[in-house]
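Below is one structure, written out as structure tokens, with a few remarks after it.
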2 protein chains.
Amino acid sequence: MLDFRPILFVLGLLLSVLALAMLVPAIVDLSYGSSDWQVFCASSAVTLFVGVALAITSRGYDASFSVRQAFVLTTLSWVVVAAFAALPFAFSELNLDYTDAFFESMSGVTTTGSTVIVGLETAPPGLLLWRALLQWLGGIGIIVMALSVLPMLRVGGMQLFRMESSDTSEKVLPAAAQIASAIGMIYVAVTLLCAALYAAAGMSWFDAVAHAMTTIATGGFSTVDGSIGAFDSAAIDTIATVFMIVGSMPFVLYLRAVRGQPGALWADTQVRWFLSILALAIAVMTAYLVAQPDDRSWGEALRLSAFNVTSMVTGTGYATDDFSRWGTFAICALFLLMVVGGCAGSTTCGIKVFRFQVLYAVMRGQLAKLLHPHGVFTPYYNRKPIPEAVAESVMSFFFLFALCFCALALALSLMGLDFLTSMSGAATAIANVGPGLGDIIGPAGNFRPLPDAAKWLLAFGMLLGRLELFTVLVMLAPRFWRD
Amino acid sequence: MLDFRPILFVLGLLLSVLALAMLVPAIVDLSYGSSDWQVFCASSAVTLFVGVALAITSRGYDASFSVRQAFVLTTLSWVVVAAFAALPFAFSELNLDYTDAFFESMSGVTTTGSTVIVGLETAPPGLLLWRALLQWLGGIGIIVMALSVLPMLRVGGMQLFRMESSDTSEKVLPAAAQIASAIGMIYVAVTLLCAALYAAAGMSWFDAVAHAMTTIATGGFSTVDGSIGAFDSAAIDTIATVFMIVGSMPFVLYLRAVRGQPGALWADTQVRWFLSILALAIAVMTAYLVAQPDDRSWGEALRLSAFNVTSMVTGTGYATDDFSRWGTFAICALFLLMVVGGCAGSTTCGIKVFRFQVLYAVMRGQLAKLLHPHGVFTPYYNRKPIPEAVAESVMSFFFLFALCFCALALALSLMGLDFLTSMSGAATAIANVGPGLGDIIGPAGNFRPLPDAAKWLLAFGMLLGRLELFTVLVMLAPRFWRD
């Protein structure tokens with residue numbers, strides 16, 4: 001049997017931290033005079049009690065983790081945090097039932113951004129901040145995981161991103177912890193910069209901070225129903241576009257840039273591919289928007305296209321327009337762009353650019369091999385040969401992604417959702433984007449009208465996507481539980 | 001420079017055979033008293049002239065093919081045959097323009113079954129037979145290719161299906177030719193059997209033969225606008241279902257069964273997987289149809305489900321009902337099932353079952369490896385270990401299939417087609433199915449209203465899918481044309 005005690009101990013610590021985090025919105029509510037502060041204090045008390053109880057009863061056991069324990073811990077962390085982070089939603093004056101509260105909470109910690117709340121403008125400020133905070137914590141959480149846990153677990157080709165330092169056996173953990181805290185500081189600094197710029201462009205400080213947190217986390221929760229579009233400011237659109245891109249690049253490269261390798265970012269082929277894909281998609285969409293009969297100028301089209309395409313590719317999920325009404329090409333293109341995602345080691349989800357690079361390199365090799373059956377063609381990633389095991393791992397990820405997408409879309413359609421809603425709902429959940437397409441869950445819609453079963457399914461899809469599929473699905477294999 | 005002369009020689013021979021084949025519908029038209037026989041004679045004369053001219057001017061050169069020449073020949077055969085087989089459509093009393101004629105012809109030789117002709121009931125009999133004949137010849141053509149050329153070219157994992165005899169160097173070609181002709185005889189015999197059963201179930205002999213040819217070829221052209229549904233006979237539905245399945249299994253196994261290994265079929269894991277997937281899909285769809293508010297009995301639901309699901313999975317494309325109106329789950333499920341296809345070495349297209357088996361085996365290995373990073377997990381196909389090169393080849397195929405599908409769907413949506421039409425149109429073309437989903441190109445619709453550019457694109461998609469993508473795309477690589 002798997003020893004759950006070290007897992008429960010870490011979960012207890014996580015919950016205790018979450019309980020402390022709940023005090024931030026409590027303070028904000030108090031300062032704004034909203035009675036909702038009691039909700040956060042109560043939720044915090046419950047969470048703290050469970051967290052401390054777990055930590056105390058399971059402390060003192062062997063603290064080193066086996067691979068299987070690491071898988072269980074990773075998945076359970078996200079589930080348990082989402083379950084308790086849902087409490088303020090369930091207890092608040094919004095009166096969400098627990099399904100809706102859990103959906104909102106999972107959408108937060110996975111940085112998805114799908115919402116079931118209508119009337120954000122009248123929601124208590126603490127609750128708005130809580131949503132932003134969940135995405136922000138989820139964002140740094142996944143960056144740290146992508147640095148430390150996922151490469152160790154060799155999930156979906158993530159072993160490409162083992163830190164150089166982890167190749168040597170000495171001082172691995174201290175180095176990792178040091179890097180993680182340095183990246184945490186960069187994360188905070190970038191968020192503050194983003195908030196300052198938002199404020200300078202006209203947002204209130206509250207909106208500026210809340211949006212900065214969900215921008216850097218490529219999360220997409222807003223403080224108003226109309227999302228960023230409600231501010232109707234070209235400056236704000238531009239700031240958001242830039243910082244969504246900042247949130248989609250490998251944070252470890254920012255660290256290198258700060259530590260004296262300013263060229264590290266541009267030297268990385270993943271960053272180049274990501275920016276090229278994005279630029280191409282924006283250019284094509286701009287031209288398409290101008291060609292539509294809606295009489296948009298090039299400037300207007302570029303602003304709409306740059307913002308919304310970036311939002312969908314990076315999986316942020318903000319909107320400044322109902323792009324479900326841009327025409328059939330826009331719908332198809334955005335649907336496909338949703339699953340692309342950003343770079344590994346960022347806050348984005350989706351398939352991620354490095355996987356497309358690996359797949360493309362392998363495919364090129366295959367084409368070359370067709371012509372020269374006995375030739376040897378080594379695929380490269382970032383100027384290094386791609387190990388066979390990584391190539392297989394990436395290709396399996398791609399297949400598994402397709403399978404999960406199909407299964408989720410089918411299940412959603414079985415609940416009576418139409419073709420576009422089922423397809424885009426599955427994609428938006430697994431790729432942690434936020435809105436789907438169409439009238440129901442599109443940027444002008446809301447996830448509230450969906451049946452409860454669909455909400456649980458979508459929440460599971462978000463978890464799957466956030467943890468790179470394998471991390472969750474490996475536990476479904478009977479072999480996992482055999483000794 | 002590539003030496004085109006041996007390629008042109010073979011193309012000349014193919015066109016001469018095609019010209020002779022055109023005389024069959026001419027004779028039928030004559031015997032039915034339709035003046036359309038002149039169209040076939042004229043088309044035959046043109047085709048024969050070009051064919052003989054090509055063959056004579058390029059004969060006598062080195063007859064052995066390089067790998068590059070084999071790729072060019074394979075792709076050009078399909079294109080050139082489709083181009084000339086379109087002549088009777090263009091010249092006939094239906095007055096199709098050449099775009100429509102080429103679309104119909106390509107849809108025929110690739111055994112797709114999408115049609116632009118409305119009013120089949122009043123079309124000359126020769127033309128109906130010509131459509132059936134094209135699919136039938138395309139069907140045996142692809143079986144022979146899958147036996148001989150594709151494994152040699154190592155396209156998309158097809159090297160798994162090299163004949164055992166080709167492992168030994170002696171008498172390879174005679175053996176291949178012998179096997180091909182034996183399989184040809186089986187193909188004829190099965191078609192005759194199917195036609196006899198159709199006739200016994202009430203079809204006219206003409207309809208029986210025409211439908212038998214398009215059933216075995218999993219093509220899907222019918223002689224009436226209402227497809228098989230127009231006959232409204234449970235017996236005919238059942239016969240069609242059985243023979244679509246017969247056409248979707250590896251014909252080389254029938255040969256083995258006839259030659260004294262009656263268990264060869266069931267021993268093959270690809271056959272087992274194919275039948276299991278089909279049975280599962282039919283069962284689920286039957287239950288879904290019963291649960292719908294349309295008041296269908298279990299028997300009725302099973303009949304509808306078995307026929308139409310088999311038709312879509314095998315890529316035949318017959319219909320007995322407008323399944324676009326079965327509800328959202330049916331639409332999603334059929335859309336996804338379209339790309340599955342049948343077994344390698346059959347007349348079906350799509351991704352094909354053996355690739356799913358390989359992908360599944362590799363993915364299982366990956367999951368096991370997550371738990372035991374230093375373990376060795378060999379994936380198996382048909383009780384034999386899958387060589388690394390085959391696994392990579394199959395995974396590249398899967399990725400390329402997804403890429404081609406996305407590109408085609410995007411291009412279609414750019415022409416203003418709606419989401420469902422673009423998506424299902426791309427899938428139905430690449431997987432050589434026939435109808436799409438929705439009101440325009442669904443089973444109750446027709447491809448005629450699409451813009452010309454969309455028809456050319458779809459025809460290209462059919463060619464891509466039929467030749468396993470790589471065969472066509474390898475020629476787009478600059479390396480291909482370099483010496």
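So you know, we letter chains A, B, ... as the sequences are listed, proteins then strands, and number each from 1.
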Which bit of [X] is near chain A, if near means a heavy-atom gap under 4.5 Å: side chain, backbone, both or neither?
X       : result
L437(B) : neither
S393(B) : both
M415(B) : neither
A477(B) : neither

Closest-packed option against chain A by number of heavy-atom pairs under 4.5 Å, given [options]:
options                            : result
T471(B), L359(B), V155(B)          : L359(B)
A368(B), G365(B), A409(B), G327(B) : A368(B)
L473(B), V474(B), L412(B), L403(B) : V474(B)
L336(B), V67(B), D418(B)           : L336(B)
T421(B), L367(B), L153(B), L410(B) : L410(B)

Heavy-atom pair with the smallest gap, counting every atom of [X] and [Y]:
X       : Y       : result
F329(B) : S413(A) : CA-OG, 3.2 Å
S422(B) : C332(A) : CB-SG, 4.0 Å
F419(B) : I331(A) : CD1-CG2, 3.6 Å
V362(B) : S396(A) : CG1-OG, 3.6 Å

Distance (rounded to the nearest 0.5 Å) between [X] [atom1] and [Y] [atom2]:
X       : Y       : atom1 : atom2 : answer
Y288(A) : L414(B) : OH    : CG    : 7.0 Å
M363(A) : F470(B) : CE    : CZ    : 6.5 Å
F335(A) : M423(B) : CZ    : CE    : 5.0 Å
L370(A) : R68(B)  : CG    : CZ    : 13.5 Å
M395(A) : E392(B) : CE    : CD    : 4.5 Å

For this session: Without swapping roles, check the side chain of T328(B) against the backbone of L417(A) for a donor-acceptor pair under 3.5 Å.
Result: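 Side chain of T328(B) to backbone of L417(A): a pair is present.
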For this session: Would you sort out whether R154(B) and K369(A) count as a side chain to side chain contact (heavy atoms under 4.5 Å, CB included), showing the intermediate values?
Result: CA-CA 9 Å; R154(B) 296 158 192 264; K369(A) 224 171 189 163; over 6 Å; no
Exercise. Where do Y360(A) and F399(B) land on the ring pair (Phe, Tyr, Trp, His ring centres under 6.0 Å) test, with the steps shown first?
Worked result: CA-CA 9 Å; Y360(A) 177 78; F399(B) 178 58; 8.1 Å; no
For this session: Please examine the side chains of F397(B) and Q366(A), heavy atoms only from C-beta on, and report whether any two atoms are closer than 4.5 Å.
Result: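 Side chain of Q366(A) against side chain of F397(B), heavy atoms only: no contact under 4.5 Å found.
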For this session: Please flag which part of A291(A) lies under 4.5 Å from any non-hydrogen atom of chain B: side chain, backbone, both or neither.
Result: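 Answer is neither: A291(A) stays 4.5 Å or more from chain B.
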